[in-house]
Number of protein chains: 2
Amino acid sequence: MSQSLAKIKKDFTQGISQISRFWGFPKGMGAIFAVLYISPTALSLDEIVTETGLTKGAVSTEIRTLARMGLVHRSTKLGDRKDYYTAETDFYAAIRSILQERQNSEFDRAVRSVRDTLTAMEDNWVENEEWNFVYARVQALQEFFDAIDSLSKAVIKLESLGLSNVTKILGVLK
Amino acid sequence: MSQSLAKIKKDFTQGISQISRFWGFPKGMGAIFAVLYISPTALSLDEIVTETGLTKGAVSTEIRTLARMGLVHRSTKLGDRKDYYTAETDFYAAIRSILQERQNSEFDRAVRSVRDTLTAMEDNWVENEEWNFVYARVQALQEFFDAIDSLSKAVIKLESLGLSNVTKILGVLK
DNA sequence: GAGTACGTTTAGTAATTACTAAACGTAATA
DNA sequence: TATTACGTTTAGTAATTACTAAACGTACTC
């Protein structure tokens with residue numbers, strides 16, 4: 001009944017693709033991860049191509065971002081010039097890796113622009129009601145971003161704590 | 001120097017738009033929120049239109065999703081048939097609201113599909129190595145999703161705890 | 001050093017998403 | 001009942017993003 005295993009794999013892959021899209025990633029990326037995740041062996045780029053139905057080019061570029069996120073790992077076999085890929089199975093590690101990735105890049109730049117707004121106002125201060133109001137609001141927002149920032153840094157630092165433990169702890173706080 | 005306040009508002013709005021896009025929301029949505037956030041008074045739909053440069057239609061639809069997320073609030077004035085909008089300033093409340101929103105919808109459906117994969121395998125069991133392997137992997141993924149689920153439920157339950165406190169607590173765990 | 005087996009880049013296309021313009025519905029006002 | 005002042009819906013367009021097909025580069029093999 002290997003036929004129905006094929007169907008199960010296909011359904012699973014579709015499900016992960018949906019989840020991928022939900023989180024704002026291309027669905028092809030989800031498909032690639034899914035295929036690797038349920039494969040007992042490391043797969044070559046061409047094997048991924050046939051499993052997902054995407055082209056080499058697409059797999060090549062998307063798998064690079066998956067690797068950068070720490071969701072897949074590239075390896076090689078001696079005397080074989082193909083690259084082989086496996087899925088990361090420690091999702092907690094993957095989350096940390098993604099957070100680290102986001103630490104730099106776009107988001108940081110955008111957050112910095114809020115801080116810039118604040119210093120621009122300070123450097124150019126006008127004492128009136130609206131000015132004060134806007135300043136206070138922007139400042140509150142910046143504090144919120146700072147909190148997010150330290151939260152994600154804290155999560156990054158947690159080496160071995162499983163997500164379920166974090167859940168329990170938050171549960172106790174209620 | 002009200003002219004430079006206008007510039008500051010514009011820069012701030014642009015920054016928030018970027019952040020909005022980063023999180024996978026339309027940048028117009030970010031602009032609408034930003035304009036409301038730094039406005040001392042509640043704004044009507046048409047005022048938002050002139051401030052953001054979007055059309056009525058766009059503001060109408062996007063503000064509805066902002067309201068559903070709890071990021072803005074709609075209000076009315078007696079003897080005035082306009083709707084007025086204000087920004088939510090308690091971001092922690094907004095986060096809870098967004099999590100609650102996501103609890104239903106797409107993501108849940110996708111996660112359910114993983115669970116379906118598991119039961120499909122159980123109902124149709126074949127005893128061989130690959131089958132066992134795939135089952136174990138899918139099961140691990142499902143446990144991860146369950147953990148995420150209880151984490152978000154736990155966060156939703158925390159009524160009054162500020163985000164910065166959560167940060168501190170996670171810091172201690174290290 | 002010609003042929004082959006790869007991964008990558010690029011230029012173009014398909015699909016999706018964000019938005020506009022304008023018609024529409026509704027309720028208050030005259 | 002006609003007019004006005006609103007918010008919503010809809011049908012189409014612009015912009016963005018995901019992807020394909022094919023050329024390309026590189027390095028290994030004979």
Side-chain angles (χ1 to χ4, degrees), chain A residues 13-14 16-36 42-69 71-86 105-106 110, chain B residues 13-14 16-36 42-69 71-86 105-106 110:
Chain A
T13 303
Q14 288 214 123
I16 301 301
S17 298
Q18 286 296 103
I19 291 170
S20 174
R21 269 194 41 193
F22 180 80
W23 290 108
F25 302 110
K27 72 181 205 292
M29 226 177 91
I32 293 169
F33 179 81
V35 161
L36 290 174
L43 297 182
S44 70
L45 194 137
D46 274 322
E47 285 168 322
I48 296 168
V49 165
T50 61
E51 291 288 325
T52 58
L54 301 172
T55 59
K56 274 206 304 177
V59 175
S60 171
T61 58
E62 311 230 304
I63 212 160
R64 196 173 338 145
T65 82
L66 278 169
R68 210 178 47 222
M69 285 185 188
L71 279 166
V72 309
H73 302 291
R74 191 185 303 236
S75 59
T76 49
K77 296 178 184 172
L78 281 118
D80 183 344
R81 42 181 153 132
K82 282 180 205 145
D83 289 346
Y84 288 89
Y85 299 93
T86 54
S105 81
E106 287 308 300
Chain B
T13 303
Q14 287 213 124
I16 301 301
S17 298
Q18 285 296 104
I19 292 170
S20 175
R21 267 194 44 193
F22 180 80
W23 290 107
F25 302 110
K27 71 180 204 294
M29 226 177 91
I32 293 169
F33 179 81
V35 161
L36 290 174
L43 298 181
S44 70
L45 193 136
D46 274 323
E47 285 169 324
I48 297 168
V49 165
T50 61
E51 290 289 325
T52 57
L54 301 173
T55 59
K56 276 206 302 175
V59 174
S60 172
T61 58
E62 311 230 303
I63 212 161
R64 196 172 339 143
T65 81
L66 278 169
R68 210 178 46 220
M69 284 186 191
L71 278 166
V72 310
H73 302 292
R74 191 186 304 236
S75 60
T76 50
K77 295 179 183 170
L78 280 116
D80 182 345
R81 41 180 154 134
K82 282 180 204 144
D83 290 345
Y84 287 90
Y85 299 92
T86 55
S105 81
E106 288 307 301

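A, B, ... follow the sequence lines: proteins, then strands. Residue 1 opens every chain.
Side chain of Ser60(A) to backbone of Lys56(A): no donor-acceptor contact under 3.5 angstrom is found. Formation of a donor-acceptor pair under 3.5 Å by the Ser17(A) side chain with backbone atoms of Thr13(A) is found in this model.
As rounded to whole Å, 15 Å separates atom P of dT17(D) from atom CE of Met29(A). Distance CZ (Arg21(B)) to P (dT16(D)): 7 Å, rounded to an integer number of Å. At whole-Å resolution of the value, CG in Asp80(B) and C1' in dA5(D) are 10 Å apart. As rounded to whole Å, 11 Å separates atom C1' of dC19(C) from atom CD1 of Ile32(B). Glu62(B) has its CD atom 11 Å from the C1' atom of dT17(C), to the nearest Å. If you take CD1 of Ile48(A) and C1' of dT8(C), they are 15 Å apart, rounded to a whole angstrom. As a whole-Å value, the separation of Asp83(B) CG from dA27(C) P is 14 Å. One atom, CG of Leu54(B), and another, P of dT8(D), lie 15 Å apart when rounded to the nearest Å.
Each of Lys27(B) and Lys82(B) has a nearest nucleotide on DNA chain D; the 5'-most of these lies closest to Lys82(B). Positionally, the nearest nucleotide of DNA chain C for Asp46(A) lies more toward the 5' end than for the other of Asp46(A) and Gly28(B).
For the atom pair CD (Glu47(A)) and OH (Tyr85(A)), the distance works out to 12.0 Å, reported to the nearest 0.5 Å.
The listed nucleotides are dT8(D), dG7(D), dT20(D); the one nearest the side chain of Ala58(A) is dT20(D). Ranking dC19(C), dG7(C), dT29(D) by closeness to the Arg81(A) side chain, first place goes to dT29(D). Here the side chain of Leu45(A) is nearest to one of dG7(C), dA18(C), dT20(C), namely dG7(C). Which of dT20(D), dT8(D), dA21(C) sits closest to the side chain of Thr55(B) comes down to dA21(C).
Between Ser60(B) and dT8(D), a side-chain N or O to OP1/OP2 separation shorter than 4.0 Å is present.
Contact record, Lys27(B) with Ser20(B): CA-OG, 4.2 Å, taken as the closest heavy-atom pair. Summarising the geometry of Gly30(B) relative to Ile16(B), their closest heavy-atom pair is O-CG2, 3.5 Å, with the distance given to 0.1 Å.
Contacts of Lys56(A) with the nucleic acid, taken as non-hydrogen atoms under 4.0 Å apart, include base atoms. At a threshold of 4.0 angstrom between heavy atoms, the contacts of Gly53(A) are confined to the sugar-phosphate backbone, with no base atom among them.
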